[in-house]
Amino acid sequence: MTDFAQAVQDILAAGQRMDNRGWVPATAGNISRRLADGRIAITRSGGHKGFLQAADVITVDENGKPHDAGNRPSAETLLHCQIYQQDPSAGAVLHGHSVASTVLSMIEPTEALQLSDYEVQKVFEGQTTHDATLAVPLFRNDQDIARLAREVAPHFGVMPAGYIIRGHGVYVWGKDMPTALARLEGLEFLLACLLERRKLGV
Ligand SMILES: CSC[C@@H](O)[C@@H](O)C(=O)COP(=O)(O)O
Ligand SMILES: [Zn+2]
């Protein structure tokens with residue numbers, strides 16, 4: 001199987017998994033995988049990520065330009081390209097719109113969601129104990145993706161392999177698709193816990 005064919009399988013399976021968990025409502029979310037030759041396999045813009053077909057995955061260069069000019073990649077392709085440029089170890093990027101990430105990022109007055117005392121924090125690199133604090137940065141939503149990317153830029157190297165756009169959703173990445181999926185699942189679990197606690201007022 002070619003690297004691209006494997007990436008297509010990875011992306012379709014990730015879309016189904018994210019849809020099953022309720023993280024990609026309507027046409028929300030986008031998914032990509034870096035190929036060994038440096039190209040990026042990414043979802044087309046606008047499709048439902050739970051029902052992706054092989055033809056819904058296309059390739060772009062490191063700047064987000066589609067190799068076939070007729071293809072329209074995800075509207076947020078630049079955010080994926082930025083992650084691959086800033087983190088050479090990144091091999092897969094996932095973006096979803098869960099209820100917890102949307103609601104918590106809208107009501108949090110500070111610049112980050114602080115997660116501590118949770119065992120599951122350890123899905124993120126550098127988190128070796130529940131005693132540590134995982135600070136997931138929050139960025140203002142912006143339809144100008146290049147401007148949004150400039151807001152995110154200074155945080156690489158400081159933030160964990162994930163961030164949240166307010167009222168919008170999460171970006172998470174990892175060295176490969178299983179790692180990115182595990183981080184997304186871990187982060188969504190933590191956000192769900194935080195939301196429950198806010199509802200309980202504790
Ligand atoms: C349901 S609207 C969501 C979009 O505006 C966007 O945020 C999104 O996540 C999906 O965009 P896409 O261009 O399909 O990758
Ligand atoms: Zn989105």
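Counting starts at 1 for both ligands and their atoms, in listed order.
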How close do [X] and [Y] get, counting heavy atoms only, and between which atoms?
X    : Y    : result
S98  : E188 : OG-OE1, 2.7 Å
A75  : I145 : O-CG1, 3.6 Å
L104 : L191 : CD1-O, 3.2 Å

May I ask you to list the atoms of ligand 1 that are less than 4.0 angstrom from any heavy atom of [X]?
X   : result
K49 : 14 (O)
H95 : 9 (O)
A75 : 12 (P), 13 (O), 15 (O)
G29 : 8 (C), 9 (O), 10 (C), 15 (O)

For [X], is at least one N or O under 3.5 Å away from an N or O on ligand 1?
X   : result
P25 : no
T43 : no
A26 : no
G46 : yes

Looking at ligand 1, does T27 have a heavy atom less than 4.0 Å from it?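 Contact check T27 vs ligand 1: positive.
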
Flag, side chain of K49 to backbone of V24, donor-acceptor distance under 3.5 Å: no

Would you say the side-chain atoms of R44 pair up with the backbone N or O of L52, donor to acceptor, closer than 3.5 Å? no

How are the rings of H95 and Y171 set to each other: parallel, tilted or perpendicular (split at 30° and 60°)?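 Parallel.
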
Considering heavy atoms of the protein only, find what lies nearest to [atom] and give residue, atom and distance to 0.1 Å.
atom                    : value
atom 11 (O) of ligand 1 : N30 ND2, 3.8 Å
atom 6 (C) of ligand 1  : E76 OE2, 3.1 Å
atom 13 (O) of ligand 1 : S45 OG, 2.6 Å

Indicate whether the side chain of D10 and that of Q6 have a donor and an acceptor atom separated by less than 3.5 Å.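 Yes - a donor-acceptor pair under 3.5 Å links their side chains.
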
How about H155 and E111: does a side-chain donor come under 3.5 Å of a side-chain acceptor?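 The criterion, which ignores hydrogens and geometry beyond distance, is not satisfied for E111 and H155.
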
Heavy-atom count around R72 CZ within 6.0 Å, excluding the residue itself: above 12?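 No, because the 6.0 Å sphere around CZ of R72 holds 12 heavy atoms or fewer from other groups.
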
Are more than 12 heavy atoms, taken from residues, nucleotides or ligands other than Q114, located less than 6.0 Å from that residue's CD atom? yes

Can you check the angle at the Zn ion (ligand 2) formed by NE2 of H95 and NE2 of H168? Round it to the nearest 10°.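 Answer comes to 100°, rounded to 10°.
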
Have a look at G169, G96, S74 and point out the one with the heavy atom closest to atom 15 (O) of ligand 1.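 Among G169, G96, S74, the closest heavy atom to atom 15 (O) of ligand 1 belongs to S74.
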
May I ask which of H97, R44, H168, R72 has a heavy atom nearer to atom 3 (C) of ligand 1 than the others do?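 Looking at heavy atoms only, the winner is H97.
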
Under 4.0 Å, heavy atoms only, figure out whether ligand 1 is touched by the backbone of Q143, its side chain, both or neither. neither

Please walk me through it: do R183 and E125 pass salt bridge (charged side-chain N to carboxylate O under 4.0 Å, His left out)? CA-CA 10 Å; R183 286 189 177 152; E125 215 163 83; 3.7 Å; yes

If you scan the protein for heavy atoms around atom 9 (O) of ligand 1, do you find one that is closer than 4.0 Å? yes

